[in-house]
K.L.:
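First, the structure itself, so that you have it in front of you.
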Amino acid sequence: MNHRILAFALGLLAVSGGAMAVEGKWTPSQILELDPQWLHAQGLEVAPETLWSRDGGGLLEAAVRISGCSAGFISARGLLITNHHCAFSILQQHSTPQRDLITDGFLARTPAEELPGSGSRATIPHRVTDVTAEVEAAVPAGADDLARFQAIERKKKELVAACERQESRRCEVATFDGGVRYLLNESLEYPDVRLVYAPPRAVGEYGGEVDNWSWPRHTGDFALLRVYAAPDGRPAARADGNVPYPPKHSFPVAARGVEPDGFVMLVGYPGRTFRSFTAAEMAERAELYYPGLSALYRAWLDLMEAASAKDETARIALADRIKGLENNEKNARGQVAGIRRGHILERKAGSEREILAWAARHQDQAAGAVAAHDELARRVAERRCTWDRDFLLDRMKQGPKPLDLALTLVRWAGEKAKPDIEREPDYQERNRDILRERLERDQKRMHLPTDAALLTDVLARLAALPAAPADSRVPAVEAFVGGTRDRAALRPRVDDLLSHTQVTDLAERKKMFDESAEQLQARHDPLLDLAFGLDAELKALKERNDRFEGAVSRLRPRWQRAVIAHAGKPVAPDANGTLRLTLAHVQGYSPRDGVWMRPQTTVGGVVEKHTGEEPFAVPPALLAAAPQAPRSRWADPKLKDVPVNFLADADTTGGNSGSPVLNGRGEVVGVNFDRVWENVANDFGYDPGVARNVSVDVRYLLWMLETLKGEAARPLLEEMGMAGKAP
Ligand code: ASP
């Protein structure tokens, strides 16, 4: 038993009383360091070793990563539970104005009807190895920051390549807190993932952007997928002869659901948090990055939404791009608001002052920490001089799709000419299929009139960068605009460019994917020509960023070790896309003075919000079934209705979407999909008062399947062990 962790945990209990909030996205091996008695007192009913054994592996292996989201196996036949928004791109791929699965939802009545998701991959954890010493040893003595970055990146690529020499492996070296640790994560990647069930959009996205990042919530953000494998169980490209994958572990479904104060734990793949950032880095995010992101994405969304409102084809083509941008735009505003509301910058600066003073007195435990902190702050300040230009260049791929495609083709042509080990990681041979699939899939995501407006916007913004005092102008853009800074005058030039490019033609684009940089240049395609010019800027920017990252890998670990030593208790590392477990309790919260939010919502509440207008237009079948919900077997005895969503104080972030929410026995009681508005900024610090994640109660899914899909859903309910069973 680790006494420091026990002491820390008990200390937390003492200060937080009944709330029992526990900050931390724990790595699986950290769970074994927590005191088992304390875990039991929290509500964990199985032995911690059941979740993750000392040799690695256990029930947590049933949590998989899928398209930037999390998911969990819930049957022996590869059935996965995740969010509707995580399965959305499969719905989009198969939708047409005549067969609009986005609007209607989808249920496969037989396995043969399940819909393949091009580009969807299920990544199943297999083994984790600490490679910190090897990575650190790879940095040559006297290396400057750029050389340092390159040496670390090369070492990571070598480790990945060696790991992927084993059959069907997908490997990654994950960096923890800038370089405090490096872990080699070995996974098995299954590329044949099919959609089994998704509710209509009016359920899966009920409340839309109005309710996104907020509470009370009534969203059926669930979907079911299935992973297929070769008959011998190994990963295989999509094929008719593939069979459902039998996972080593799966989470049983618990029909009893959750109740207030009940213990829950979430397992998944949180993407990125910034708690180990210094105050200077946090200020850069709060003052420049998020405000810039929200303004830019808002402008693009206005253009895309106007097109969607006018035109059915545009609506389907742009649906998932809009959804992604909207989510990020609102998140950016939430970050700014939350950082201000929680006084996060001031608190961070205060705690830093304390640690700096402590580090100055404890050189034995904090060697070099003060200097590292100060140098980080200086380097961040330097970035401000070129911020606007760098930010636009960095973000432009998220806007006009044809430009994104052209930039990818140009970079791919340049990188693939190099030996694999020298290429940028995203363009290594191991990513060839992913890149190709994306270039193909994006055909359905383009809407040329809207993309012309977006490209005009990007070019106008770049053309508006100041020529003085520091020249921010981009030569490739200057050559294109020819002195024109006026948007209206730029638009015909962009239309002309798009009417002459072949990048937007799928058949031509597939050919371009196989061509060399010289061949692409010889095409004299105007969009490719522009992309070559912009790519040169992006490479220069990348070099500056790599140098910065090299400095971070040198400085942050020194600083962070001092932070941990000063805390005198375990500190969970920042999220980095690796498997984590967070412990929590179902509970409400007070967003502002005089308001208490209860932690559960019901089908009755779904109906109460119904206005008939999107995003509050309940499908007629659900509206008709709702009055009987209280008498269904999925109704909660205390709520006297079928529960829909619930709150808990889990420590989550983006990427945790689709995370199975488990009870103390490791059974699925829900699926995580969001956080409350006051908690968006928890990426920078956990505040037990408002740290609330939002999950959908599994009973809502079961009720929907049984009541609205009837006989057609019976095989699925049987597969989940739910057919005819009283909860
Ligand atoms: N909605 C997020 C996701 O897609 C979850 C979150 O940010 O809390 O992963």
Side-chain angles (χ1 to χ4, degrees), residues 23-25 63-72 80-91 120 123 198 204-215 217-223 225 264-275 285 290 293-294 297 320-339 398 574-582 584 589 615 645-661 670-687 690-696:
E23 170 180 356
K25 299 172 182 72
V64 310
R65 193 157 59 176
I66 184 149
S67 319
C69 282
S70 306
L80 278 180
I81 192 165
T82 187
N83 290 148
H84 171 268
H85 79 265
C86 301
F88 193 78
S89 85
I90 310 183
L91 287 166
S120 301
T123 312
E205 223 179 270
Y206 191 63
E209 274 314 301
V210 179
D211 274 5
N212 195 10
W213 303 111
S214 59
W215 185 261
R217 200 66 173 272
H218 298 85
T219 311
D221 199 348
F222 43 67
L225 306 171
V264 285
M265 51 189 174
L266 262 87
V267 52
Y269 297 82
R272 193 138 189 238
T273 55
F274 312 99
R275 293 184 193 163
R285 290 239 143 202
Y290 291 121
L293 198 73
S294 128
Y297 285 7
D320 64 347
R321 285 167 67 190
I322 291 185
K323 203 168 151 64
L325 284 179
E326 266 177 341
N327 189 47
N328 289 337
E329 189 279 326
K330 197 166 175 188
N331 174 289
R333 276 187 285 126
Q335 300 279 8
V336 175
I339 288 172
Q398 314 305 317
D574 260 322
N576 59 357
T578 58
L579 183 60
R580 305 292 178 95
L581 182 82
T582 159
Y589 81 116
N645 293 156
F646 64 91
L647 290 175
D649 59 351
D651 190 353
T652 58
T653 189
N656 265 126
S657 275
S659 287
V661 185
V671 201
N672 175 70
F673 68 98
D674 207 5
R675 281 167 286 163
V676 300
W677 184 247
E678 296 73 21
N679 189 33
V680 175
N682 84 336
D683 289 353
F684 294 89
Y686 181 91
D687 177 349
V690 295
R692 297 294 177 272
N693 69 302
V694 187
S695 302
V696 59

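Whatever order the structure lists ligands and atoms in, that order sets their numbers, starting from 1.
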K.L.:
Are W213 and N331 side-chain neighbours, meaning at least one heavy-atom pair lies under 4.5 Å?
P.N.:
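Side-chain contact under 4.5 Å: yes.
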
K.L.:
Does one side chain, of S89 or D320, offer a donor that lies under 3.5 Å from an acceptor on the other?
P.N.:
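Note: S89 and D320 side chains miss the donor-acceptor criterion.
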
K.L.:
Just checking, any donor-acceptor pair under 3.5 angstrom between side chains of N672 and N656?
P.N.:
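No pair is found: no donor N or O on one side chain lies under 3.5 Å from an acceptor on the other.
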
K.L.:
For N328 and L293, work out which heavy atoms get closest and say how close.
P.N.:
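Result for this residue pair: O-CD2, 4.4 Å.
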
K.L.:
Do R217 and T219 pair up side chain to side chain, a donor and an acceptor below 3.5 Å, judged on atom types alone?
P.N.:
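Looking only at side-chain atoms, T219 and R217 do form a donor-acceptor pair, the distance falling under 3.5 Å.
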
K.L.:
Can you work out which protein residues put a heavy atom within less than 4.0 Å of ligand 1?
P.N.:
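The answer is H85, W213, T653, G654, G655, N656, S657, F673, D674, R675, counting any residue whose heavy atom sits under 4.0 Å from ligand 1.
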
K.L.:
Could you tell me whether R285 sits above the aromatic face of F274, with NZ or CZ closer than 6.0 angstrom to the six-membered ring centre and within 45 degrees of the axis?
P.N.:
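That pair qualifies as a cation-pi contact.
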
